[in-house]
There are 2 protein chains.
Amino acid sequence: MAGKPTIADVARAAGVSKGLVSFALNDRPGVAADTKRRILAVADELGFRPSLQGRALSTRLAYSVGLVIARDPRLVAADPFYPPFIAGAEQVLIAAGRTLTLSMLAPDRDEAAHYRALADDRRVDGVLLGDLRPDDPRLPLLAELGLPAVTIGPSGDPRCSSVVVDDVAGVRATVQHLADLGHRRVAVIAGPRTLEHGARRADAFRAALHERGVEPLIVETDFSPAAAAEVADRLLDLPAEHRPTALVCGNDVAAVAATGRAMRRGIRVPLDLSVCGFDDAEIAQWTHPALTTVGTHPTRWGAAAAQALLDLLAGGAPTEVRLEPARLVVRDSTGPAPAGPAAPGPAPSGPAPA
Amino acid sequence: MAGKPTIADVARAAGVSKGLVSFALNDRPGVAADTKRRILAVADELGFRPSLQGRALSTRLAYSVGLVIARDPRLVAADPFYPPFIAGAEQVLIAAGRTLTLSMLAPDRDEAAHYRALADDRRVDGVLLGDLRPDDPRLPLLAELGLPAVTIGPSGDPRCSSVVVDDVAGVRATVQHLADLGHRRVAVIAGPRTLEHGARRADAFRAALHERGVEPLIVETDFSPAAAAEVADRLLDLPAEHRPTALVCGNDVAAVAATGRAMRRGIRVPLDLSVCGFDDAEIAQWTHPALTTVGTHPTRWGAAAAQALLDLLAGGAPTEVRLEPARLVVRDSTGPAPAGPAAPGPAPSGPAPA
DNA sequence: TAGGGTTCCTAAACCGGTTCAAAGACGACG
DNA sequence: CGTCGTCTTTGAACCGGTTTAGGAACCCTA
């Protein structure tokens, strides 16, 4: 017995057949109690660990789950969401003896072929689906391939579980916060509508702003800081009476970029312009001014998604797991709306400029 | 033949034995040319794809490689290095029919056990090793486990390949840049010496500063923005004649944090204080002021590391792959050293303050 | 035409588990 | 005492590849 002990070694040492050892190890009925005890003792003594590969071949299981991030790597790099998400998912998966198989798929690569290969090769038993799109074509594909899936965000598909955070709550809180500060021209530099959460948040902003009687000015971008900077420039070029007094960005890095453009023109944040981010990334608390943003818990999100997938793999029915709603974190990048040049209503209190 | 065709199906259809089909598909000698052609044709027609699991069982190969990130998830979240690194590695691996198995290991988790499990379960054929430490205990462990490894950064171990970027060049360029701007008190907010690149860069800074006659003031931190902020505060509390005129930070997020603390006290960057980052993360070009930093190419780094591992797996000898040296990217966060209160030498040119 | 070497191919073992049909042991019951 | 049912266990097939020992057919040479 040079290498690691196999199930046959255990069987021989315990004086029983391979099959019985397998039954005993897998807690299946029909094994006499003290036989089972003996087998387990022998297995333990020999330091037996079943071979994943042998088991995989007969069970047709991979004991691994996939995470497919379908986005340009450069955008992923600027997005602090995934690392903690992955950390959370990992923690749960490792405890369950599973590993995480990661795929970062540039958008120009053939998605369908990739999923198909993943399924055909039985590399994963299920997948965590990020960057969900409206009517995502991956959902029917995965169903066809027989791969259980958990979506990050609401899918509307009864075949897969999803883990959702009510970020509408965060959106409404943001709008309320800005409205309370007197802002009446608020621009939203939103993510692309081709992303489910991009569209959902944009709609939520539109509704919340409208509800407060603020004219919604929503610009769709690709979530990149470059796009945010460019849009910010364009908005700040507007004549003073049309220029927004607050900018709400789709993520924190975009907010940093927008703030940067404003400061470059001498526009002070938050004195002349308020800026909000989204995600509550680590960086948000360290910029100057520290960023007002909407926070979720990517780590918990990852853990919940992994758990939901494990439940699904164990034969559970698809569910929708709701995490705690996104929370507005007020920091220093938002302040009272500046008195506009022709702004109606009372002038700001305090001494007038000399 | 309900499911996918197996090698036995191909053998039957081609009228030969399983073994011969295996030989033909794997380009092994001893198969008559036209028999081989026929077998391949039949396999193609049937849409045969060998089962990974069957193959894995007999070859004892996983056709997957591991990436183990040994760091607190929160620190990984703030570090924009890994996502593009992973993207680069993935691209190469997928082309070679391998997948990436990711492990994010919180530092409190039992590392050795994790690697051992990875090896025992044959989940991976080799690993990419990040966050290298001096005399890293993982190197002998992996050697014992028989897992080929490629280190990110120099390992000094002849058993594994490594992919290195000469960031000393970037360090020297940074010091020269600051020295040219007249800085004589430069503080380095370095990463921990428990990380190989932390120690290496700190040493390089010490040497380069010393060489230029600048007193090296090197503070070791854990790379986190929080630590950078705290150290920055402490340094800026120093009496003016000891206060550094330039801060060099271990990464870009730390630099943003340090800049934030300075600005909070009304210290203008770069007028009163110059700040440098490291990594050239996406965010560096969008902050205000845009960050002077040292850039590498994480994507290429990832691709090179993956390729080096594939070479190792194919039986090649361990090598050290050198990528292009880190490059200083000068932006707006560095400027001429302010004239000190008791600074010797000529006063700055230009009109004196009114 | 026997002997020796190639070339091409087959059959079976092997990797390490799981699963299932069937057989053996045993006690209870009529 | 024979029969039936339950509990426990065995042996073999199976998952889908790779690998190896050996056999058949062929050519070349003496």
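Chain letters run A, B, ... following the sequence lines, proteins first and then strands; every chain starts at 1.
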Sugar-phosphate, base or nothing in reach of B:R49, heavy atoms under 4.0 Å = sugar-phosphate
query = Judged by atom type as modelled, is there a donor-acceptor pair below 3.5 Å linking the side chain of B:E111 to the main-chain atoms of B:A70?
reply = no
ask   = Mind checking whether A:L52 and B:D120 have side chains closer than 4.5 Å, heavy atoms only?
value = no
ask   = ring pair (Phe, Tyr, Trp, His ring centres under 6.0 Å) with A:H197: which residues, sequence neighbours excluded?
value = A:F223
request  = Under the side chain to side chain contact (heavy atoms under 4.5 Å, CB included) rule, collect the residues that match up with A:T99, sequence neighbours excluded.
outcome  = A:S64, B:T101, B:R123
query = Side-chain contact, heavy-atom cut-off 4.5 Å: B:M104 with B:Y82?
reply = no
ask   = For DNA chain D, which residues in residues 28-41 of chain A have a heavy atom at a distance below 4.0 Å?
value = A:G30, A:A32, A:T35
Result block: side-chain N/O donor-acceptor pairs under 3.5 angstrom for residues 299-310 of chain B, not counting sequence neighbours:
unit_1, atom_1, unit_2, atom_2, d
B:R300, NH1, B:E324, OE2, 2.1
B:W301, NE1, B:V163, O, 3.1
B:Q307, NE2, B:D311, OD1, 3.1

message = Could you work out, with side chain to side chain contact (heavy atoms under 4.5 Å, CB included) as the rule, every residue matching A:D166, not counting sequence neighbours?
response = A:V168, A:A169, A:P325
Which atom pairs, donor and acceptor, lie under 3.5 Å between side-chain atoms of residues 134-141 of chain B and protein residues at least two apart or in another chain?
unit_1, atom_1, unit_2, atom_2, d
B:D136, OD1, B:R138, N, 2.9
B:D136, OD1, B:R138, NE, 2.9
B:D136, OD2, B:R133, N, 2.8
B:D136, OD2, B:R138, NE, 3.3
B:D136, OD2, B:R138, NH2, 2.9
B:R138, NH1, B:Y115, OH, 3.0
B:R138, NH2, B:G130, O, 2.9
B:R138, NH2, B:D131, O, 3.2

ask   = C:dT18 P sits how many Å from A:L61 CG, rounded?
value = 11 Å
Sidechain N-carboxylate O distance under 4.0 Å for B:E144, B:R116 = yes
Show me the donor-acceptor pairs, under 3.5 Å and distance only, between side chains in residues 31-40 of chain A and residues at least two apart or in other chains.
unit_1, atom_1, unit_2, atom_2, d
A:K36, NZ, A:D27, OD1, 2.8
A:R38, NH1, A:A14, O, 2.6

ask   = Considering only heavy atoms, which members of residues 16-25 of chain A lie under 4.0 Å from some atom of DNA chain D?
value = A:V16, A:S17, A:L20
request  = If a pair satisfies ring-ring contact (aromatic ring centres under 6.0 Å, His included) and one of its residues is in residues 10-66 of chain B, list it, with sequence neighbours excluded.
outcome  = none
key: Listed partners of A:T194 passing side chain to side chain contact (heavy atoms under 4.5 Å, CB included), at least two apart   = A:P192
query = Would you call A:D9-A:K4 a salt bridge at under 4.0 Å N-O?
reply = no
inquiry  = Please report the distance, rounded to the nearest Å, between CD in A:Q53 and P in C:dT18.
reply    = 14 Å
task = Please report how far the helix from C:dT1-D:dA30 to C:dG30-D:dC1 bends, comparing the axis fitted to its first five pairs with the axis fitted to its last five, to the nearest 10 degrees.
result = 70°
ask   = Under a criterion of less than 4.0 angstrom to any heavy atom of chain B, what are the 5'-terminal and 3'-terminal contacting nucleotides of DNA chain D?
value = D:dG16 to D:dT20
